[in-house]
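Here the structure is laid out as C-alpha cells; the discussion comes afterwards.
So you know, we letter chains A, B, ... as the sequences are listed, proteins then strands, and number each from 1.
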Protein chains: 4
Amino acid sequence: MRKIDINKKQKENSLLKTAFEFFTTKGFSKTSISEIVSKAGVAKGTFYLYFKDKYDIRNKLIYHKASQIFRTAAQSVEAEKNKLSFEDKLMKLLDNIIDQFSKDKVLLNFISKNLSWGIFKNAIFNKNTEDDIDFRKVYSDMLNEAPYEFKEPEIMLFMIIELVSSTCYSAILYSEPCGLDTLKPYLYNAIRLIIDQHRGELKAASNEISSNDQGQKIC
Amino acid sequence: MRKIDINKKQKENSLLKTAFEFFTTKGFSKTSISEIVSKAGVAKGTFYLYFKDKYDIRNKLIYHKASQIFRTAAQSVEAEKNKLSFEDKLMKLLDNIIDQFSKDKVLLNFISKNLSWGIFKNAIFNKNTEDDIDFRKVYSDMLNEAPYEFKEPEIMLFMIIELVSSTCYSAILYSEPCGLDTLKPYLYNAIRLIIDQHRGELKAASNEISSNDQGQKIC
Amino acid sequence: MRKIDINKKQKENSLLKTAFEFFTTKGFSKTSISEIVSKAGVAKGTFYLYFKDKYDIRNKLIYHKASQIFRTAAQSVEAEKNKLSFEDKLMKLLDNIIDQFSKDKVLLNFISKNLSWGIFKNAIFNKNTEDDIDFRKVYSDMLNEAPYEFKEPEIMLFMIIELVSSTCYSAILYSEPCGLDTLKPYLYNAIRLIIDQHRGELKAASNEISSNDQGQKIC
Amino acid sequence: MRKIDINKKQKENSLLKTAFEFFTTKGFSKTSISEIVSKAGVAKGTFYLYFKDKYDIRNKLIYHKASQIFRTAAQSVEAEKNKLSFEDKLMKLLDNIIDQFSKDKVLLNFISKNLSWGIFKNAIFNKNTEDDIDFRKVYSDMLNEAPYEFKEPEIMLFMIIELVSSTCYSAILYSEPCGLDTLKPYLYNAIRLIIDQHRGELKAASNEISSNDQGQKIC
DNA sequence: TATGAATGAGATTTCATTCAT
DNA sequence: AATGAATGAAATCTCATTCAT
C-alpha cells in the first residue's frame, strides 16, 4: 500500500472511531458532523470525501462492528468444529455472541438501536470488505455437517436470532424483566426446543463426505 | 364536561392524530412541529400547551396506540373466557394482536421503531389515562384461572412477547425471511413449547373452581 | 375601604411583590409575565387589569421603592431638623440613603439598573400616590431654612446625587475600585466641596420671619 | 493578510456596524439578530461564526467604541504633553471626551446604557485588540510626570469618571437638569476640587524632571 | 372582575452540505 | 486531496397579549 493510501485509511478510521464514540454516547441524531470532524482532527469537507452523508458512516459502522462480533464467535466454534453436534455448535456460537455483548453494552446499545433485519442480514450475509466473514457460508457449512435435515432452516435461524437479540438486549442493558443469568436457562432451553421442532429426518449419506462408506447406509 | 374541556380534548386529539400521520409517513426525526401544527390547524404555541416537546407527543402516541391494541385483544378473549384453557387464551390474545398489526402495517412500523421494553411495559402495565386497560390484571387473572402454577411467569411472557414482536415485525413488513403465513405455524409451535417449559405443578384446588372437591382439602 | 377594594389592593401588592422578586433575581428581560402571575397566584389576564404592561409594573416598582427610601431618610432628618445646619442635614440625608442601600443590595441593584434621571426625578419629585413623600418640598424647605442663598441649587443637588449614586453603586455592589468604607471619606469631602462652591451670599432676612427688622439688611 | 482574512474582517466589521446602527436606533433588546444579518447582507449562520450571541456582539462594540474615544482623547493631550500640568492634562482629556460624546449623542446613549464600571474598566484598562489603547499606562504616566504625590489616585479617577459620566449623560441627552454649557463650569470646578483633595506632598525630585532644582532636594 | 386557553410572530440557534481556495 | 468559511433553510421554543367564557 502506498504511503498516501495509508494516510487515507488512517483518516477514515479516525472518522469511524470518533463517530462511534459520539453515536454511542450522544446518540445518532444528536451527534453533528461538526463534532465528529473536529474531534477526529480533519476538516468538514474532508468528511464528505470519505462518506456520502451521516447515514453512510453509521451503516458502515454497523457492518463493521456486527461482522467483527460474528467473526470472533465463528472462530471460537471453529476449533471444536468436529467435536460438537450441530445444536451445540449453534448454542456455542450464540453464547459467545451474547457474551461479547454483555461485556460491551455500549456496542449492544448502538447495534440494537440501529438494527433492522435488513441491515443486519446485509452485515452478516454479505461480504462488504475483504476482512468480513461470510456468515451465510458458516451456517450452511454447519447445516451440511449435521446428520439431520432441517425444515426451513432460515426461519429457524431467524426465530432464534430475533428471540435472542430482543430478550438479551433488554436483560443485559436494563435487567428487565430479569438479569441475563436468570434469563439464560429459560432462553437456552427455548432455543433447543425451537431447534427440535425444525429437526427433520436423518440425512441420506451425502456423496462428498461418505462416498466410500456406503456400506453403513441402511435406508 | 364543560364546553371548554371538550374543545381542549379536541385540540389535543387533533395534534395527536396529525403527528401520527406525519411520524408514520415521514418518520419521527423528519417531521417538524411546524408541520404538525399547521396541518392540525392550531398555533405553534398551542402545541406546547399540550406537549413538552416532540418526544413527549411521540411517547403519548405509543402509550395510546399500544393500549388500544391490547384493549381490543383483551376484549376478544373476554367473551370466551371460561371456555378456553390458559394456553388457548394466551394464544388467542397473541393471534388477535398479530392480526391487528398485520392489518395496520403503518402502526406496526411506528410502534416497533419506537418500542423498547421499558416504554412498552409502561404502556401496558400502567394505566396512564382512565381509558387505558390494565394489562397486568388481565394477565394475572389468566394465571389465577389456570389449573397449573407457572414458573417465572413474567419471564415467560417476556420471551413470548419479544419473540412474537420481533419476528412478526420483519415478516409482516418485509416478508423477511418469509411471509406471516409461513412463519405462523413455526412461531405458534415455538410459543407453546415455551409455555410448556414454564408450566409447573397442578394447583391445590381453590375455593371457586372446585367447590365439589372440598373433601380433598386439608387446611 | 370596601372589602372588594381591599381584595384588589392585595392582588396588586402580590403582583408587585412577586415581580420585584423575579426582577431582582433574574433580571427584567428574563422575567416573564407567566412566572409572575403563577407565583403570585393570579391568572394571566388579571395582570393586565392592574398594569398596562411589563414596563408599567417595573416603573411602579421603582416609584414605590425610591419613594420609600426617601421617606425613611427624610424622617431621620426631621427629628433634628432645627439643630443641624443645611450641610449637615443634607449629609445626614445622603448618609441615611447610602446606608439603606448598603443594607439592601438587591434593591440597589434593581433601582440602579433601571434608573434614569427622568424616572428618578419623577419618583421623588412627584407624588404618585397619597403615601408618597414630596421630596421637592423637603429640599426646598431645607434651602429656605438655610441662612445662605445657593447658586443653582438644582444643579448642585443633581451633581451630588449623580456622584453619590454612581460611585456607591459600584462600591457597595462590587467593591470597585474600593469598598464603601474606604470611599466614604473622599466622597463626603467631595460633596462638601461641591456644596461650598454653590454657597452664595448670606440671605437677607426673609419677610415671614423678620418683617420688622429690615433695618438690618445691608445688601 | 490573505485575501480570505480580509474578507472575514470585512464580514465582521459589517456585522458590527449594522448591529451598532440597530442597537442605537431601536435599542438592544428590540433588535433581532435576523435584522442585523439581513441588513449586513450575510447569512444568519454566519453571525454565529463571529459572535457567540447578541450579548457578545454588544460587548465587543462597547470595547471597541470606548477604546476609540479614549484613544482620540489621549492623542489630543499627547501633543501638549510637556506644556501642561497634571490637572490641566486630566481636564483636557475629560473635556475632549465630553466633547466627543456631546457631538455623538447616539454613541453616548449606547455606551451609557450598557456601561458599568466593570465593563468600562475592562474596555479601557485592558488591551482587547492590538489597536486598543492602554489607558492604564496613559494615566500612570500622567501621575508619574506630576510633581505631586496623589492619595488614592484610583479612587480619585473613579469619582471623577463617575461624576462626569453620569452628569454629562443627563445633561447632553436630556438637558436635565440643565444643558451641558450651564453644567460645565460647576462640573469642572467640582473636578478640580476633587483633585485638590487628593493632592499630596511634593515629590522628591526625580532625575528627569528637576535637574535644575536639585538644590532644594534634601534627601 | 377574573380566568387561562389560544395565539402566532418572532427569537435564537443548529447543521448538513457546498464550493472557492 | 484537503480545507473551512459560508450558507440559509428549518428547527425548537418563548411569551406578551387578547378574548371568549
Side-chain angles (χ1 to χ4, degrees), chain A residues 4-5 7-8 11-12 29-38 41-57, chain B residues 2-12 15 29-38 41-56, chain C residues 4-5 7-8 11-12 29-38 41-57, chain D residues 2-5 7-12 29-38 41-56:
Chain A
I4 201 165
D5 289 330
N7 206 297
K8 277 178 65 177
K11 285 236 168 79
E12 188 178 349
S29 71
K30 284 190 182 161
T31 298
S32 70
I33 304 277
S34 276
E35 284 172 308
I36 297 171
V37 294
S38 85
V42 300
K44 267 230 195 88
T46 309
F47 179 92
Y48 291 89
L49 296 176
Y50 293 95
F51 306 99
K52 202 180 132 287
D53 55 24
K54 220 170 108 176
Y55 297 95
D56 188 36
I57 196 172
Chain B
R2 283 151 44 217
K3 190 180 164 193
I4 204 168
D5 288 330
I6 294 171
N7 211 297
K8 278 176 69 175
K9 201 72 199 165
Q10 277 177 344
K11 282 251 162 69
E12 187 177 351
L15 284 167
S29 71
K30 285 189 182 161
T31 299
S32 73
I33 291 181
S34 283
E35 283 173 309
I36 297 171
V37 294
S38 85
V42 299
K44 212 177 293 179
T46 308
F47 179 92
Y48 292 90
L49 291 178
Y50 292 96
F51 308 100
K52 205 182 130 289
D53 54 23
K54 222 169 79 172
Y55 298 93
D56 188 37
Chain C
I4 201 166
D5 288 331
N7 206 297
K8 278 178 66 177
K11 284 235 169 81
E12 188 177 349
S29 72
K30 285 190 179 159
T31 298
S32 70
I33 305 277
S34 277
E35 286 171 306
I36 297 171
V37 294
S38 83
V42 299
K44 265 230 196 91
T46 309
F47 178 92
Y48 291 89
L49 296 176
Y50 293 96
F51 306 99
K52 200 180 133 286
D53 54 24
K54 220 169 104 175
Y55 298 94
D56 187 35
I57 195 171
Chain D
R2 283 152 43 219
K3 190 181 164 193
I4 204 168
D5 289 328
N7 209 297
K8 278 176 70 175
K9 203 70 198 167
Q10 277 177 343
K11 282 249 162 70
E12 188 176 351
S29 71
K30 285 190 181 160
T31 299
S32 73
I33 291 182
S34 282
E35 284 172 308
I36 296 172
V37 294
S38 84
V42 300
K44 213 174 298 180
T46 308
F47 178 92
Y48 291 90
L49 292 178
Y50 292 96
F51 307 100
K52 205 182 129 287
D53 54 23
K54 222 169 78 171
Y55 297 95
D56 188 35

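- For the atom pair B:Tyr50 OH and B:Lys8 NZ, the distance stands at 5.5 Å (nearest 0.5 Å).
- Atom-to-atom distance recorded for C:Glu12:CD and C:Leu49:CG is 11.0 Å, nearest 0.5 angstrom.
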For DNA chain F, the dot-bracket pattern of Watson-Crick and G-U pairs whose distances stay under 3.5 Å, | for other-strand partners: .||||||||||||||||||||
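- One atom, CD1 of C:Ile36, and another, P of F:dT14, lie 17 Å apart when rounded to the nearest Å.
- Rounded to an integer number of Å, the gap from C:Asp56 CG to F:dA16 P is 14 Å.
- In this structure, C:Phe47 and D:Asp53 both approach DNA chain E, and ranking their closest nucleotides by distance from the 5' end singles out C:Phe47.
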N/O-N/O pairs, protein side and nucleotides 9-11 of chain F side, under 3.5 Å:
{"unit_1": "F:dA11", "atom_1": "OP2", "unit_2": "B:Ser32", "atom_2": "OG", "d": "3.4"}

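- Residue-level contact check: B:Tyr50 touches the backbone only, with heavy atoms under 4.0 Å from sugar-phosphate atoms and none from bases.
- Closest to the side chain of B:Asn7, from the set F:dT12, E:dA6, F:dA6, is E:dA6.
- A pairwise comparison of heavy atoms in D:Lys30 and D:Glu35 identifies O-OE1, 3.7 Å as the closest pair.
- Atom-to-atom, CG of B:Asp5 to C1' of E:dG4 comes out at 12 Å; the value is rounded to the nearest Å.
- Residue contacts shown for A:Tyr55 are absent, as no nucleic acid heavy atom lies under 4.0 Å away.
- At whole-Å resolution of the value, CZ in D:Phe51 and P in E:dT12 are 14 Å apart.
- Atom P of nucleotide E:dA5 and atom OH of C:Tyr48 are separated by 16 Å, given to the nearest angstrom.
- Rounded to the nearest 0.5 Å, atoms CG (A:Asp56) and CZ (A:Phe47) are 7.5 Å apart.
- Of the candidates F:dT7, E:dT3, E:dT7, E:dT7 carries the atom nearest the B:Leu49 side chain, counting heavy atoms from C-beta on.
- Note: CD (B:Gln10) to C1' (E:dA6) measures 15 Å, nearest angstrom.
- In this structure, B:Glu12 atom CD and E:dA5 atom C1' are separated by 13 Å, rounded to whole Å.
- For the pair B:Lys9 NZ and E:dA5 P, the computed distance is 14 Å after rounding to whole Å.
- Looking at heavy atoms from C-beta onward, A:Thr31 lies in side-chain contact with A:Ile36 at the 4.5 angstrom threshold.
- Heavy atoms only, all atoms of each residue included: C:Lys54 and C:Ser29 are closest at NZ-O, 3.8 Å.
- Contact annotation: D:Lys11 does not reach the phosphate of F:dA5 (side-chain N/O to OP1 or OP2, under 4.0 Å).
- Atom NZ of B:Lys9 sits about 12.0 Å away from atom CD1 of B:Ile6, to the nearest 0.5 Å.
- When each of B:Lys52 and A:Thr46 is assigned the nucleotide of DNA chain F bearing its nearest heavy atom, the one mapping closer to the 5' terminus is A:Thr46.
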